[in-house]
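Report on the structure given below.
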Amino acid sequence: MDIPKDHPRYRSLMTRERLADAVEKGLVNPTGLISHGRGEAYDYLMGETTLPPSLEAERAAAAFLLKARNPVVCVNGNAAALDAENLIALADAVPAKVEVNIFHRTEERMELLISYMESKGARNVLGRDPDERIPGLSHARALCTKEGIFDCDVIVVPIEDGDRAQALVGMGKVVISIDLNPLSRTSKSATVSICDEMTRALENISNFVKELRGKDSELDEIIKSYDNKKCRMDLIDCICDTLHKEA
C-alpha cells in the first residue's frame, strides 16, 4: 500500500501493513492483529508518547537487566514483526539471550520466526529444541529451553500472554513486561510493568542500559526504590489526564 509520509497516521498505518504482511508470511497468527489493535487503542489514550511513569519503569527494567545472572529477551510473532531490530539491540546491549516462545506453535512457524530473527542479526536464538516446560501451563507456551527461559532470573516479555507472565512470576523470575494496557493480567502480574509502545520502550531501556552500566550502587538503589504498583497507578492517572485534555 502506498501511504504518503505526510499522512497524520503514517507510522500507525505502516505498522499495520507490516503486521498484515507478516501474517501472510506465517510469522504472525491472524489473532495477533486483534492484539495489536487493542494495544494501539491504549497508545492513543497515552497521547502516543512515553509518559513519565513508563520512563521510570524502563529505567528500572534496565537496572534489573544489568544486575541479572541470566537475562532473556523473549520474542513472539507480534514482537518480531513489530521491531526485531530493537529486540536484538537490547539483547546485545545487556547482553541477554534471545528465545522465541509462541502460543500458536508449529515447528514450521518456530523455524520461520527464529530464521527471521537470525536474518536481522540475532545470534544463537533459542527455542528450536525445547527441553523444559513452564509449570502450570497446559498450552504450547509452556515449552521452553532450560538454558534460556527456564533458568533465567530476569526476562523481558513484550506483547505477553497474562497466564504465562503469572507462571513466570510464580517461578520466582523478575518479569519485565511491555504491554500498552495497564489493566491487563500481564501488567498486573509483572515485576516491572512497562506501559509503552514497544519500539519506544525498547529504545529507552537500551539507552538506560548504556547510561547505567557499571554504576552498581545506583542500580541497587533503583531496584530497591522501584514501586511497580505505584508506577502503574501513576500511569493510569496520566491516561485520565490525557483524556481530560483531549476532550
Side-chain angles (χ1 to χ4, degrees), residues 19 22-23 25-39 61 64-65 68 70-84 87-88 90-91 96-118 122 124-195 198 201-202:
L19 281 169
V23 169
K25 292 177 178 176
L27 294 169
V28 172
N29 187 276
T31 58
L33 300 179
I34 299 171
S35 174
H36 176 74
R38 184 174 61 219
F64 276 107
L65 285 165
N70 182 26
V72 167
V73 173
C74 192
V75 178
N76 64 13
N78 273 40
L82 285 170
D83 199 344
L87 287 165
I88 296 164
L90 175 59
K97 294 169 183 170
V98 175
E99 181 162 344
V100 172
N101 178 276
I102 54 178
F103 185 84
H104 299 281
R105 181 187 177 111
T106 64
E107 295 310 307
E108 179 184 14
R109 186 164 174 241
M110 283 294 292
E111 184 56 42
L112 278 171
L113 280 166
I114 292 172
S115 296
Y116 178 74
M117 293 298 292
E118 290 172 341
N124 303 316
V125 179
L126 302 173
R128 280 189 175 96
D129 302 304
D131 52 1
E132 282 288 359
R133 295 185 65 91
I134 299 170
L137 298 181
S138 58
H139 51 73
R141 293 206 83 177
L143 297 173
C144 66
T145 68
K146 180 173 177 57
E147 176 186 355
I149 290 174
F150 195 82
D151 275 351
C152 76
D153 56 338
V154 178
I155 183 167
V156 180
V157 287
I159 326 293
E160 172 64 2
D161 287 338
D163 57 345
R164 195 183 68 138
Q166 291 171 328
L168 291 168
V169 170
M171 293 175 73
K173 303 182 186 305
V174 170
V175 175
I176 299 167
S177 66
I178 303 176
D179 185 337
L180 278 157
N181 180 0
L183 304 176
S184 69
R185 280 182 304 151
T186 297
S187 293
K188 290 179 180 179
S189 301
T191 315
V192 180
S193 306
I194 298 171
C195 298
M198 195 182 83
L202 292 170

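Nothing fancy with the numbering, it's 1 onward along the sequence. Note that the coordinates shown come from a computational prediction; the quantities given were computed from them, not determined experimentally. Values below: every heavy atom of this structure, side chains too, minus hydrogens, waters and symmetry copies.
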Do [X] side-chain atoms and [Y] backbone N/O form a donor-acceptor pair below 3.5 Å?
X    : Y    : answer
N70  : E147 : yes
K173 : F150 : yes
N101 : R141 : yes

*Does the side chain of N124 pick up a donor-acceptor pair with the side chain of K97 at under 3.5 Å?*
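The criterion, which ignores hydrogens and geometry beyond distance, is not satisfied for K97 and N124.
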_I need the full list of salt bridge (charged side-chain N to carboxylate O under 4.0 Å, His left out) pairs touching residues 128-140, with sequence neighbours left out, sorted by first then second residue._
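As it turns out, the salt bridge (charged side-chain N to carboxylate O under 4.0 Å, His left out) pairs with a partner in residues 128-140, which skip direct neighbours, are E111-R128, E118-R128.
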*asked:* Applying salt bridge (charged side-chain N to carboxylate O under 4.0 Å, His left out) to R109 and E107, what does each step give before you reach the verdict?
replied: CA-CA 6 Å; R109 186 164 174 241; E107 295 310 307; over 6 Å; no
_Any side-chain heavy-atom pair of L87 and V98 under 4.5 Å_ = no
Could you pull out the closest heavy-atom pair between [X] and [Y], with the gap in Å?
X    : Y    : value
P130 : T145 : CA-CG2, 4.3 Å
R105 : G127 : NH2-O, 3.3 Å
M198 : P158 : SD-CB, 3.7 Å
A165 : V175 : O-CG2, 4.2 Å
S187 : P182 : CB-O, 3.6 Å

Measure the [atom1]-[atom2] distance between [X] and [Y] for me, rounded to the nearest 0.5 Å.
X    : Y    : atom1 : atom2 : answer
I155 : M171 : CD1   : CE    : 9.0 Å
L126 : K146 : CG    : NZ    : 13.5 Å
L137 : F103 : CG    : CZ    : 9.5 Å

For residues 72-81, tabulate all N or O donor-acceptor pairs below 3.5 Å that involve a side-chain atom, not counting sequence neighbours.
| from | atom 1 | to | atom 2 | distance (Å) |
| --- | --- | --- | --- | --- |
| N76 | OD1 | N78 | N | 3.4 |
| N76 | OD1 | A79 | N | 2.9 |
| N76 | ND2 | I159 | O | 2.6 |
| N78 | ND2 | G32 | O | 2.9 |

*Applying salt bridge (charged side-chain N to carboxylate O under 4.0 Å, His left out), name anything that partners R38, two or more places apart in sequence or on another chain.*
none
